[in-house]
Amino acid sequence: MSGIKVRFAPSPTGELHIGGARTALFNYLYVRSVGGTFVLRIDDTDLERSRSDYIDKLIASMRWLGLNWDEGPYYQSKRLHKYNRAAEKLISEKKAYHCYCSIEDLATDRETARTENRTYLYPGTCRNLTLEEVNIFIKAGKKAVTRLLTPDQGVTVVKDEIRGAVSFENSGIDDFIIIKSNGLPTYNFASVVDDLQMEITDIIRAEEHLSNTPRQQLCALALGSRLPRFAHVPMILAPDRSKLSKRHGATAVEEFRTEGFLPEALINYMALLGWSPGGEEELFSLADLVSKFSLQKVNKTAAIYDTDKLAWMNSHYIREYNLDKLVEAARPFFEKKGLIDNELTVPECDYLKKVIATVRERAKTMLELADVSTYFYRDNYDYDEKGDKKHFTKEGAAELMRTMAEALRKLEPFDMETTEMKYHSLSENLEISAGSLIAPTRLAITGRTGGPGLFEIMALLGRERTVERLERAAAYVDHRLALF
RNA sequence: GGCCCCUUCGUCUAAUCGGUUAGGACACCAGCCUUUCAAGCUGACAACAGGGGUUCGAAUCCCCUAGGGGUCACCA
């Protein structure tokens with residue numbers, strides 16, 4: 001152990017989206033590369049918005065991505081006494097004070113400041129209340145918040161590992177609230193207390209927190225703590241350059257999962273958002289990333305995420321995955337589509353494996369993988385419209401398909417080689433190109449104009465289904481002709 | 001609006017100390033391969049936000065402008 005300790009501290013007010021996941025990933029890569037400890041902490045002090053099902057999903061997402069942590073999950077909601085104790089200590093040291101200003105008064109002050117176009121800062125009204133004044137408030141039944149006494153002058157400098165030294169004028173920071181009137185801590189305080197008590201050495205989080213950091217440093221200083229190192233990683237923006245939110249479609253890790261993305265692809269893609277190892281390689285496993293990662297190479301610019309590249313990476317991993325692993329990952333998608341049952345016999349499993357092996361090169365997601373596999377399981381597909389027009393309306397199309405069906409009916413054995421040989425001899429005997437035999441056959445037995453090699457499909461489908469489908473297509477062509 | 005951060009192809013990014021025809025990837029387009037579709041291969045297109053400095057020389061250093069983002073809650 002290196003003594004390095006990092007934490008990922010999401011608040012369970014929504015699903016883990018790609019931005020949060022990327023922050024978790026960078027924490028993971030950093031801490032694994034230095035041999036430190038990874039803490040998972042759930043920042044759930046906002047009782048109104050926190051939901052336990054989000055916690056479950058969040059943990060599921062982390063596990064699915066393979067971002068394993070060493071400590072936690074800790075829950076801030078179970079540590080409330082710690083924040084209150086810390087606040088009381090600050091009050092006794094005169095570093096914090098109770099404030100009885102009403103929430104309404106503050107809101108109107110803020111509002112008038114805004115209409116007058118000046119910045120509102122809490123003026124420190126309750127900084128020096130006398131005992132009598134306090135008693136009057138208490139008698140009136142007023143609830144107090146606790147505010148940190150902050151310096152009016154000087155600067156607070158945040159030393160950021162990625163951005164260098166960033167200075168903030170203390171005159172721009174007011175006595176902010178650390179304990180709310182309901183007794184719960186605010187984020188800026190709870191987070192600092194926890195980071196201190198958990199001995200977090202490095203705080204890696206999204207850039208949106210940079211502006212909060214001087215407040216947190218002030219808290220830490222008041223508590224007599226050493227400052228951790230900070231690294232604010234660039235944000236991930238939606239394609240319209242705005243902050244990620246629900247309306248931008250799939251941004252949650254769980255959504256990518258249900259759409260059939262592989263965790264390796266998502267990890268690989270996220271790692272390259274805001275970071276690059278410098279070379280020209282782009283395909284990395286989690287272990288590769290750990291060995292190559294360094295905070296110094298994280299860049300400062302917000303990245304817009306673009307699912308095209310993710311899709312490309314996903315198709316790469318679908319192609320390169322270990323076949324058994326891919327089959328396991330794909331099974332839920334085949335089940336959901338109603339192609340296979342939950343329990344598979346050995347031959348069924350074997351067949352699924354062969355199907356996936358033949359179609360894997362053509363799918364960008366596992367949803368697509370199941371989709372391009374349907375005709376291996378179903379007979380009730382429609383014929384592709386363009387293909388129908390092109391191949392089924394030709395003179396003698398039905399007859400040709402019956403000829404092919406007849407030729408295949410007696411073929412023994414029935415495999416890739418024999419069917420291919422049969423088609424070539426058929427093409428010679430009938431004096432037509434192999435292509436004009438293959439195209440209608442493909443349409444007849446799959447309903448599609450593209451896909452894996454025809455003879456591969458026929459071999460997998462077997463003689464019976466191939467012949468039956470050719471005859472059915474011939475009947476379909478005849479039937480339609482009869483209508484005219 | 002105040003404060004803070006940022007600015008290289010459409011997107012993700014590379015370019016040790018300032019010296020490169022500004023590199024790669026995705027997407028797009030074209031060609032090759034092929035029974036089709038993919039994959040693969042080859043090629044094309046495409047960027048230093050703008051303006052001033054400093055310098056023999058700036059994407060790189062400095063200043064200004066513009067643009068984008070974040071943050072200013074008894075949310076986190």
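Naming convention: chains lettered A, B, ... in sequence-line order (proteins, then strands); numbering from 1 in each chain. Model, not experiment: these values are computed from the prediction.
Distances were taken from every side-chain heavy atom of A:Phe168 (C-beta onward) to each of B:rC74, B:rC3, B:rC5; the shortest belongs to B:rC3. When distances run from any side-chain atom of A:Lys243 to the nucleotides B:rC6, B:rC3, B:rG70, the shortest one goes to B:rG70. For A:Glu280, taking side-chain heavy atoms from C-beta onward, the closest of the listed nucleotides B:rC3, B:rA39, B:rG23 is B:rG23. Listed nucleotides: B:rU11, B:rU35, B:rA76. Nearest to the side chain of A:Lys180: B:rA76. Of the candidate nucleotides B:rC26, B:rA76, B:rG24, B:rC26 has the atom lying nearest to any side-chain atom of A:Trp312. Checking B:rA14, B:rC12, B:rC74 against every side-chain atom of A:Asn299, the shortest atom distance belongs to B:rA14.
Nucleotide B:rG70 holds its P atom 10 Å from the CG atom of A:Asp240, rounded to whole Å. Between A:Arg7 atom CZ and B:rA76 atom P the separation is 14 Å, expressed in whole Å. The nearest whole Å value for the distance from the CG atom in A:Leu426 to the P atom in B:rU35 is 17 Å. The nearest whole Å value for the distance from the CG atom in A:Leu148 to the P atom in B:rC74 is 14 Å.
For the pair A:Arg79 and A:Tyr75, the cation does not sit on the ring face, since its NZ or CZ is not both under 6.0 Å from the ring centre and inside 45° of the axis.
Residue contacts for A:Thr449: at a heavy-atom cut-off of 4.0 Å it reaches a base atom on one of the strands shown. Within 4.0 Å (heavy atoms only), A:Pro452 reaches at least one base atom of the nucleic acid. Using a 4.0 Å heavy-atom distance criterion, A:Asn212 is classed as a base contact.
For B:rC5, the OP1/OP2 oxygens have no side-chain nitrogen or oxygen of A:Ser211 closer than 4.0 Å.
Using a 4.5 Å heavy-atom threshold, the side chains of A:Tyr321 and A:Glu264 count as touching.
Taking atom C1' in both B:rU54 and B:rC45, the straight-line distance is 36 Å, to the nearest Å. Taking the C1' atom of each, B:rA27 and B:rC12 are spaced 11 Å apart, rounded to whole Å. Taking atom P on both nucleotides, B:rG68 is separated from B:rU21 by 35 Å, rounded to a whole Å.
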*Under the ring-ring contact (aromatic ring centres under 6.0 Å, His included) criterion, do A:Tyr122 and A:Phe176 qualify, and how do the steps go?*
CA-CA 8 Å; A:Tyr122 175 70; A:Phe176 55 93; over 10 Å; no
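Across all strands shown, B:rA44 forms no Watson-Crick or G-U wobble pair with both distances under 3.5 Å.
In summary, A:Arg41 and A:Asp43 engage in a salt bridge, as defined by a charged side-chain N under 4.0 Å from a carboxylate O. A salt bridge links A:Lys243 with A:Glu208: the distance from a Lys NZ or Arg NE/NH1/NH2 to an Asp or Glu carboxylate oxygen falls below 4.0 Å.
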